[in-house]
K.L.:
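This is the structure I want to talk about, given as structure tokens.
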Amino acid sequence: MSVIVAGGGMAGAACAAELAKNGIDVTLIDRHDYTQFQPLLYQVATSQLPAEDIARPLARMFRDRAQVTVVTGEVTAIDVDTRTVTTDTGTFGPADQLVLAAGSQANFFGVPGAAEHAFPLYTVRDAELLRRHLRDRLRELSKPDSDGALTVVICGGGATGVEIAGALAELFRALRDDGKLVGQATVRLVELGKVLLAPFTDRSHHYALGKLTTMGVDVTFGVAVSSVDIDSATLSDGSTVATDTVIWAGGISGASLVALTGITPGRGGRLDVSADLTVPGHPDVFAIGDVANVPDPAGGTFPQLGSVAQQSGAWVGKNIRALRDGKTPAPFHYHDKGIMAMIGRNAAVAEVGRHRHQLEGPFAFAAWLGLHGALLSGFHEKGDALMNWADDYIHHARAADLELEESVGRIAWSDDASDRPNLEL
């Protein structure tokens with residue numbers, strides 16, 4: 001039995017690992033040579049972590065799994081009937097099963113200029129581009145004679161928007177406290193809805209708003225970004241903000257790979273799947289993670305979370321093993337560990353478990369760090385992230401110093417090139 005997994009993100013890597021564990025041959029295809037841990041992209045963008053800590057080379061990840069063949073290439077065609085995938089490096093298949101795990105892309109909802117001028121935050125490349133842009137702008141504002149200003153406009157008040165807003169507010173404050181920020185730097189978050197962190201409860205909504213406001217973030221509800229230019233953003237209330245830094249955290253859609261399948265996408269440009277995560281009409285084709293609308297027991301779909309991606313990937317690995325053994329694939333069962341969002345130093349919200357037991361403040365902050373550290377892939381990545389977080393907690397201005405001095409802040413664990421992902425932009 002052979003399987004092709006198209007996409008090496010959290011879902012695809014989890015699926016490949018489960019298949020390899022059961023002796024099933026896997027061809028794992030991704031445009032990058034690494035798997036990324038998306039929940040920490042905002043920390044890369046704000047210099048809290050180097051990109052290498054959240055991007056683990058796939059070849060190193062599976063170097064002890066002879067069953068996994070890693071292919072780096074751009075997918076150009078997919079035949080779901082023959083379960084064949086064509087890339088710019090060759091054609092692979094036919095396979096017994098095909099797993100589509102290509103993740104997501106920014107959904108700009110047709111807002112003029114957003115794709116050209118806004119900064120999405122959904123890939124390592126996105127995070128690095130934003131980090132370098134912020135670095136250059138902050139260096140200008142740190143010059144002794146600077147009279148410039150930086151207004152960062154964040155579109156979207158979900159977890160990504162709240163976390164990047166809090167991180168930037170702390171970064172700017174650290175620079176000011178250290179006397180390095182001469183010009184003005186502010187953060188404005190706009191959210192079309194009425195609350196921040198909509199999937200959370202009212203208590204978390206109020207806590208997040210209070211903390212961000214205290215940190216100096218200007219939060220505006222009932223307003224969205226209606227157009228983006230190179231040096232301004234127009235809001236839906238008709239006002240214009242002078243800015244060259246719009247961060248797009250307004251939503252995601254299924255990856256462009258969906259269009260290559262010839263299957264009509266469902267909500268959010270994602271593939272609808274059955275309870276066992278197969279694509280209807282194609283019993284040997286599975287879709288997992290952010291590229292899929294995974295049904296929940298209540299008749300809706302699960303949110304696009306890293307935990308859903310990892311669990312759905314491992315589940316499909318088990319279902320393919322069941323097919324190999326002549327058994328029927330089982331409906332996906334999600335173990336709900338809860339939801340979390342970081343706001344800033346000693347400030348986070350967590351709603352844990354199915355019954356959403358609430359934590360906030362330092363306890364949620366510690367829980368967030370512990371969980372995300374544990375979910376990182378690889379010993380080196382876990383260790384480096386935990387030490388960076390500890391250093392950042394003790395030395396308040398560490399991230400600000402890295403931003404201005406261009407230090408990677410990473411431990412050189414090995415001289416082996418396979419230890420380092422290819423992050424060229």
Side-chain angles (χ1 to χ4, degrees), residues 1-16 19 24-32 35 69-110 115 120 122-123 251-296 300-304 308-309 312-313 315-317 319-320 322-324 328-329 331-332:
M1 175 176 284
S2 64
V3 179
I4 293 176
V5 178
M10 296 175 71
C15 181
L19 291 167
I24 297 174
D25 292 333
V26 185
T27 300
L28 179 60
I29 303 172
D30 196 277
R31 68 174 68 179
H32 303 297
T35 185
T69 300
V70 175
V71 175
T72 303
E74 186 80 27
V75 175
T76 58
I78 295 175
D79 189 327
V80 293
D81 295 320
T82 62
R83 297 170 297 282
T84 301
V85 176
T86 301
T87 75
D88 55 5
T89 60
T91 299
F92 302 88
D96 295 295
Q97 279 83 33
L98 171 62
V99 181
L100 303 173
S104 60
Q105 60 185 347
N107 188 346
F108 295 108
F109 299 101
Y122 300 109
T123 68
I252 58 176
S253 62
S256 57
L257 175 145
V258 172
L260 301 178
T261 65
I263 299 170
T264 302
R267 182 178 59 84
R270 293 179 284 270
L271 293 169
D272 293 325
V273 295
S274 302
D276 62 359
L277 305 180
T278 56
V279 176
H282 302 277
D284 289 309
V285 179
F286 298 81
I288 52 178
D290 287 352
V291 82
N293 288 319
V294 179
D296 66 18
T301 58
F302 287 110
Q304 278 64 55
V308 175
S312 65
W315 195 272
V316 163
N319 272 349
I320 291 176
L323 288 172
R324 183 191 65 177
T328 301
F332 176 56

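Everything numeric here is computed off the predicted structure, so don't read it as measured data.
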K.L.:
Is there a side-chain contact between H282 and T261, using heavy atoms and a 4.5 Å cut-off?
P.N.:
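Contact flag for H282/T261 side chains = no.
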
K.L.:
Of the non-hydrogen atoms in P94 and S2, which two are nearest, and what is the gap between them?
P.N.:
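Closest pair (atom of P94, atom of S2, distance): O-OG, 4.3 Å.
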
K.L.:
So I78 and L98, side chain to side chain contact (heavy atoms under 4.5 Å, CB included) or not? Walk me through it.
P.N.:
CA-CA 10 Å; I78 295 175; L98 171 62; 3.9 Å; yes

K.L.:
Identify the two heavy atoms, one from V258 and one from P265, that lie closest to each other, and give their separation to 0.1 Å.
P.N.:
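Result for this residue pair: CG1-CB, 3.9 Å.
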
K.L.:
Checking the side chain of T84 only, and the main-chain atoms of G93 only, is there a donor and an acceptor separated by less than 3.5 Å?
P.N.:
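No; zero donor-acceptor contacts below 3.5 Å.
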
K.L.:
Does N293 use its side chain to pair, donor to acceptor, with the backbone of R267 at less than 3.5 Å?
P.N.:
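Yes, because the side chain of N293 sits within donor-acceptor range (under 3.5 Å) of the backbone of R267.
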
K.L.:
Tell me if a side-chain donor or acceptor on T87 pairs with a main-chain N or O of G90 at a distance below 3.5 Å.
P.N.:
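At least one qualifying donor-acceptor pair exists.
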
K.L.:
Is the backbone N or O of G289 less than 3.5 Å from a side-chain atom of S312, with the two atoms forming a donor-acceptor pair by type?
P.N.:
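Present.
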
K.L.:
Closest approach of G251 and F109, non-hydrogen atoms and distance?
P.N.:
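Closest approach of G251 to F109, heavy atoms only: CA-CE1, 4.4 Å.
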
K.L.:
Please report the shortest heavy-atom distance between R31 and S256, naming the atom on each side.
P.N.:
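Scanning both residues completely, I find the closest heavy atoms to be NH2-OG, 4.1 Å.
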
K.L.:
Out of V71, I29, D96, which residue meets the side-chain contact (heavy atoms from CB on, under 4.5 Å) rule with I4?
P.N.:
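The option that passes is I29.
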
K.L.:
List the atom of A16, the atom of L28, and the distance in Å for their closest heavy-atom pair.
P.N.:
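Closest approach of A16 to L28, heavy atoms only: CB-CD2, 4.2 Å.
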
K.L.:
May I have the step-by-step check of side chain to side chain contact (heavy atoms under 4.5 Å, CB included) for D284 and L323, ending in yes or no?
P.N.:
CA-CA 9 Å; D284 289 309; L323 288 172; 4.2 Å; yes

K.L.:
If you take all heavy atoms of A255 and A102, which pair is closest and at what distance?
P.N.:
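Taking A255 first and A102 second, the nearest heavy atoms are CB-O, 3.5 Å.
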
K.L.:
Got a sec, which residues hit side-chain contact (heavy atoms from CB on, under 4.5 Å) with V99, two or more places apart in sequence or on another chain?
P.N.:
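Result, side-chain contact (heavy atoms from CB on, under 4.5 Å) vs V99: V3, V5, C15, F286, I288, V316, I320.
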
K.L.:
Report yes or no: does Q97 contribute a side-chain atom to a donor-acceptor pair with the main-chain N or O of V285 at less than 3.5 Å?
P.N.:
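Looks like no, no N/O pair under 3.5 Å.
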
K.L.:
Is a donor from one side chain sitting under 3.5 angstrom from an acceptor on the other, for D276 and T278?
P.N.:
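Yes, because at least one side-chain N or O of D276 sits under 3.5 Å from a partner of the opposite role on T278.
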
K.L.:
Would you say the side-chain atoms of D290 pair up with the backbone N or O of S104, donor to acceptor, closer than 3.5 Å?
P.N.:
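Not confirmed, D290 side chain does not pair with S104 backbone.
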
K.L.:
Can you find a side-chain donor-acceptor pair between T86 and T91 that sits under 3.5 Å?
P.N.:
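Looking only at side-chain atoms, T91 and T86 do form a donor-acceptor pair, the distance falling under 3.5 Å.
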
K.L.:
Once you round to the nearest 0.5 Å, how far does CZ of R270 lie from CD1 of I252?
P.N.:
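If I round to the nearest 0.5 Å, the distance is 6.0 Å.
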
K.L.:
Distance from L257 atom CG to E74 atom CD, nearest 0.5 Å?
P.N.:
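Answer rounded to 0.5 Å: 9.5 Å.
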
